Trainee: 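Have a look at this one.
Lettering of chains follows the sequences in order, A, B, ..., and the numbering in each one begins at 1. These numbers come from the heavy atoms of this one structure, side chains and all, not from hydrogens, waters or symmetry mates. The structure displayed is predicted, hence computed values, not measured ones.
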Amino acid sequence: MKEKYFPTEIETKWQKRWADEKAFEVTEYSERPKFYCLEMLAYTSGRAHIGHVSNFAIGDVLSWYKRMRGFNVIHPFGWDAFGQPAETAAIKDGTDPEKFTRDAIAYMKWQFQRMGLSYDWSREIATCDPEYYRWNQWFFIRMWERGMLYRKLSPVNWCPKEDVSLSNEQASGGVCWRCGTPVIQKELMQWFAKITDYADQLLDGLDALEGQWPDRVITMQRNWIGRSRGAHVRFEIPECNESVTVFTTRIDTIFGANAIVLAPEHPLVEKVIAGRSEAGEVRAFAEKLKQEQRAGRPDELDKHAIFTGAYAVNPFNNEKLPIWIANFVLIGYGTGAIMSVPSGDQRDFEFSRKYGLPFRQIKLTADGREIEAEALEEPNEDWTITVNTGQWSGLASEEANRLMTEYAEEKGFGKSAVTYRLRDWGISRQRYWGTPVPMIHCGSCGTVPVPDDQLPVLLPKGVNLKVQGGSPLDHVPEYVNVTCPKCGGAARRDTDTMDTFVDSNWYYFRYCDPHNDKQPFDPRKIAYWLPVDQYIGGIEHAVMHLIYTRYWSKVMRDMGLVSFDEPISRLLTQGMVCKETYRCPNPDHDWLFPEQVTPEKTCSLCGRAVEIGRVEKMSKSRKNVVDPIEMIDIHGADALRLFVLFAGPPDKDKEWSDTGLEGAARFLQRVWRVARRWADQLPGDLNETTELNNHSRKLRRRTHQIIRSVTENMEERLHLNTCISSLMELTNEIQAFDTEVEKQGAAAETDAAVAREAVEALIRMLAPFSPHIAEEMWEAYGHQSSLVCAAWPEFNDVLAREEEIEVAVQVNGKLRSRVYASVEATEDELRQKALADEKVKAAAAGRDPFKVIVVPQKLVNVVFK
RNA sequence: GCCGGGGUGGCGGAAUGGCAGACGCAGAGGACUUAAAAUCCUCUGGCCCAAAAGGCCGUGCGGGUUCGAGUCCCGCCCUCGGCACCA
């Protein structure tokens, strides 16, 4: 072993060797049980950041660990390569999105390879490869055939000057990012996937994920799906011979209704105002509400409403209810119409107060009082006891709710119903850089899919992206003008591309069979590798990506391609890496780089005191990003990986610290020195019963204790930060042992054997975290084959056992003393020892203890009254 | 507003009802060195006490359960994240 540890040299050597030996490539032909370790697809932003290091380091540790535990570990990698930023860059700088993306992949791959991650690169995919997106198209057609896809008019952000659709980001602030024109909403015919058909399955499937997925992700998904059980109730509108159906979860409050309120887009609006003098005014008001809503002002809290002049009839009591239109009723939820019950709902309460509609109390307060409706200061949304509700008065609300629903069903004006917050998934994008929709619109045959043998529909190259009027693909005649596959007549190709969430729905299925040109994947390979055993990624994907991919997976199940319900068994959402920010009060300087801040915390440009911002997510605009490659150049990938994992638990946010990274590097240096001390010593025999001197016995015991604790933390909780702490402790133990050996002069043969056992355990347990240095030391210890083939160290409970343990002695729950005993000491022995203790005797003052609690090997609590 | 995390030394964090502060960072002192760096050793929650011994306090705040609470229960406060007029 060299005297000094040079990370760059070692890391280059082992990265090359792993690549040459294809060390991390796997097949499904194995005796070992499989383990699928997956990190989220990397977006091709152009540059790796510390968040990537953290995400991938977690997955890499787990892959290494499972490999050493005898699993056949698939650990693949790929690129989320389609999407808007490449197209935006192209419009701004005139680059080609494909070139932009390929360059980004090349550079980022180089960066990730310098981190020494144990990926099976032979399975690498990029979603912009025709070999990949071809199968998006194939799935699209299969979904369409199954009635899972349909087209409908749906609004998009639209720039009226350039006549192009804009993403929310491009329309931020309500103006077009290119020309500053105020954005309007335009209805376009777009593709939707019927995810709502699977709402129940997606909701109920979450039960099985409890304990395996973070609680907050499960809760967020439940809320996102938002199943709500209630009833549809039909209200007749005699004057125009129509009826309106509302959805309510509280039919038991229907006697308190004071109005029917429609969403401004509701189709009945035109019918109820037809022929009325106020029709023009109401229509204009509805239009205004539509614009307001679509301009998307989330802080809009005021209720805006207008009376249409028409009335509906409450089927329970034949009361006439005025029909209103209001901004707080949404066309996309329920039936787009509600009954307003001001005494039972916050929104209805605000609406009714503002417009002076009457109140009626229809249930007791939570504390059982009946109060004057007009005296209500807030609505009562509780389930209590009904009052003033005709024949249902005096019932528990839940009971009334059930009976009144039954009554409505009997009488034929209502029905129990379930609605969801979840809406169908719009997958159309009017953009260039995405998967082309493989459909053709024919004047005589309608919408016709491109035949399978003509897939992929290739994205044309050299397209002008800075067009006005529709999508860039609309302006490529040779792309648009096709013959109908059915009738051979002239037809028009659909020019939409797909949402990139389609790409990420099934990429991890493709990893299992990445080069298949006959089908998206061989179902037999999926049956072997899937479900994913551990998925690791950012919390920002808690809802959309992770619902869409669950949905896709269920559709594939129904197509007979896969046989499981849930594709991801365990999920870990890693925290962000954050860093302090600095800001100069001078607006010309604003955010500062750390090197622009003097040690006195003043701005190096103007000398003013710098505001130290809170620790926040790294971002370019705040100038608090750390470049991983810079850090690797200084301290090595091993140290960087170790630090990001040591900084905190994987699922919590972590704070970047330069000195923390230095600490990690210093630790690796120490491990190196400790290992070097014993690398060339010939060890004697060592077995479970070998007689050892004191310091050897102690090191051996600590070695086995630490193997046990690291193993448990790996298996049960993925508390990687505490695993690293334990490795540091083991290193400290070996160092202390070395000092003892120095004191004695010469090392005994058994000393060398015990030291070797400890160092080799340390090396093997360090491998998942800092694999390069571990490999180098392993080789120096005379092992011919790589650690990739090494086994995780086993602990021996007998050797880990303490000879004498310290037992805390409490008097009335307060720590007062300590006694020493053997591990085998019985409860009674511990009790006697504690009672004999001077402190306990003093506290007793002659009394007998009221109670003595003994926790074996830990503590004795002596209680006096 | 709703939902979900979280609040522990100077800092990052540890502790699955049983000795709070493991491990690391930062800091102080010492050894080695002509010197520095590196390395090694020691100390480092607060308060009382000249010091030691010893004692008291201490996990956001207030209650509770328990022999025993950072951990469990109830009520607050603060903070971060997600969603947001979802009937």
Trainee: Can you find a side chain N or O atom of A:R666 that sits less than 4.0 Å from OP1 or OP2 on B:rA26?
Mentor: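 So the side chain of A:R666 is within the cut-off, an N or O lying under 4.0 Å from OP1 or OP2 of B:rA26.
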Trainee: When all nucleic acid strands are considered with a 4.0 Å heavy-atom cut-off, which category describes A:D653: base, sugar-phosphate, or nothing?
Mentor: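 If one applies the 4.0 Å heavy-atom cut-off, A:D653 turns out to touch the sugar-phosphate alone, with no base involved.
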Trainee: Just one of A:K833, A:E806, A:E804 clears the side chain to side chain donor-acceptor pair (under 3.5 Å) bar with A:Y820, so which one?
Mentor: A:E806
Trainee: Below 4.0 angstrom from OP1 or OP2 of B:rA87, is there any side-chain N or O of A:Y333?
Mentor: yes
Trainee: Take nucleotides 15-23 of chain B nucleotide by nucleotide from the 5' end and write B, S or -, depending on whether a protein heavy atom sits under 4.0 Å from the base, only from the sugar-phosphate, or from neither.
Mentor: SB-BB--BB
Trainee: OP1, OP2 of B:rC57 versus side-chain N and O of A:K814: anything below 4.0 Å?
Mentor: yes
Trainee: Looking at every strand, decide which applies to A:T659 at a 4.0 Å heavy-atom threshold: base, sugar-phosphate, or nothing.
Mentor: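 A:T659: backbone/sugar contact only, no base atoms under 4.0 Å.
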Trainee: Considering residues at least two apart in sequence or located in another chain, which fulfil the side chain to side chain contact (heavy atoms under 4.5 Å, CB included) criterion with A:D828?
Mentor: A:T826, A:R831, A:Q832
Trainee: Give A:G663 one of three labels, base, sugar-phosphate or nothing, depending on what nucleic acid heavy atoms sit under 4.0 Å from its own.
Mentor: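 Sugar-phosphate only.
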Trainee: Give a yes/no on whether any side-chain N or O of A:Q735 is located under 4.0 angstrom from OP1 or OP2 of B:rC40.
Mentor: yes
Trainee: If the glycosidic angle is within 90 degrees of 0 it's syn, otherwise anti, so just tell me which one B:rG9 is.
Mentor: syn
Trainee: Check this for me: A:F864, atom CZ, are more than 12 non-hydrogen atoms of other residues, nucleotides or ligands nearer than 6.0 Å?
Mentor: yes
Trainee: Checking all strands, does A:P214 fall into the base, sugar-phosphate, or nothing category for heavy-atom contacts under 4.0 angstrom?
Mentor: nothing
Trainee: Is there side-chain contact between A:R677 and A:E742, with at least one heavy-atom pair below 4.5 Å?
Mentor: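 Yes, their side chains come closer than 4.5 Å.
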Trainee: Would you please test A:R670 and A:Q735 for side-chain hydrogen bond (donor to acceptor under 3.5 Å, both in side chains) and show each step?
Mentor: CA-CA 9 Å; A:R670 204 159 76 237; A:Q735 221 172 309; 3.3 Å; yes
Trainee: How does RNA chain B read in dot-bracket, base by base from 5' to 3', with Watson-Crick or G-U pairs under 3.5 Å and | used when the partner is on another strand?
Mentor: (((((((..(((.....[....))).(((((.......))))).((((.....))))..(((((..]....))))))))))))....
Trainee: Between A:R421 and B:rA87, is there a contact of a side-chain N or O with OP1 or OP2 at under 4.0 Å?
Mentor: no
Trainee: What contact category does A:R227 fall into here, base, sugar-phosphate, or nothing, at under 4.0 angstrom with non-hydrogen atoms?
Mentor: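 The answer is nothing, as A:R227 stays clear of every strand by at least 4.0 Å.
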Trainee: Hey, is the side chain of A:R250 poking within less than 4.0 Å of OP1 or OP2 on B:rC86, counting only N and O atoms?
Mentor: no
Trainee: Considering only the P atoms, how many Å lie between B:rC43 and B:rC49, rounded to the nearest integer?
Mentor: 25 Å
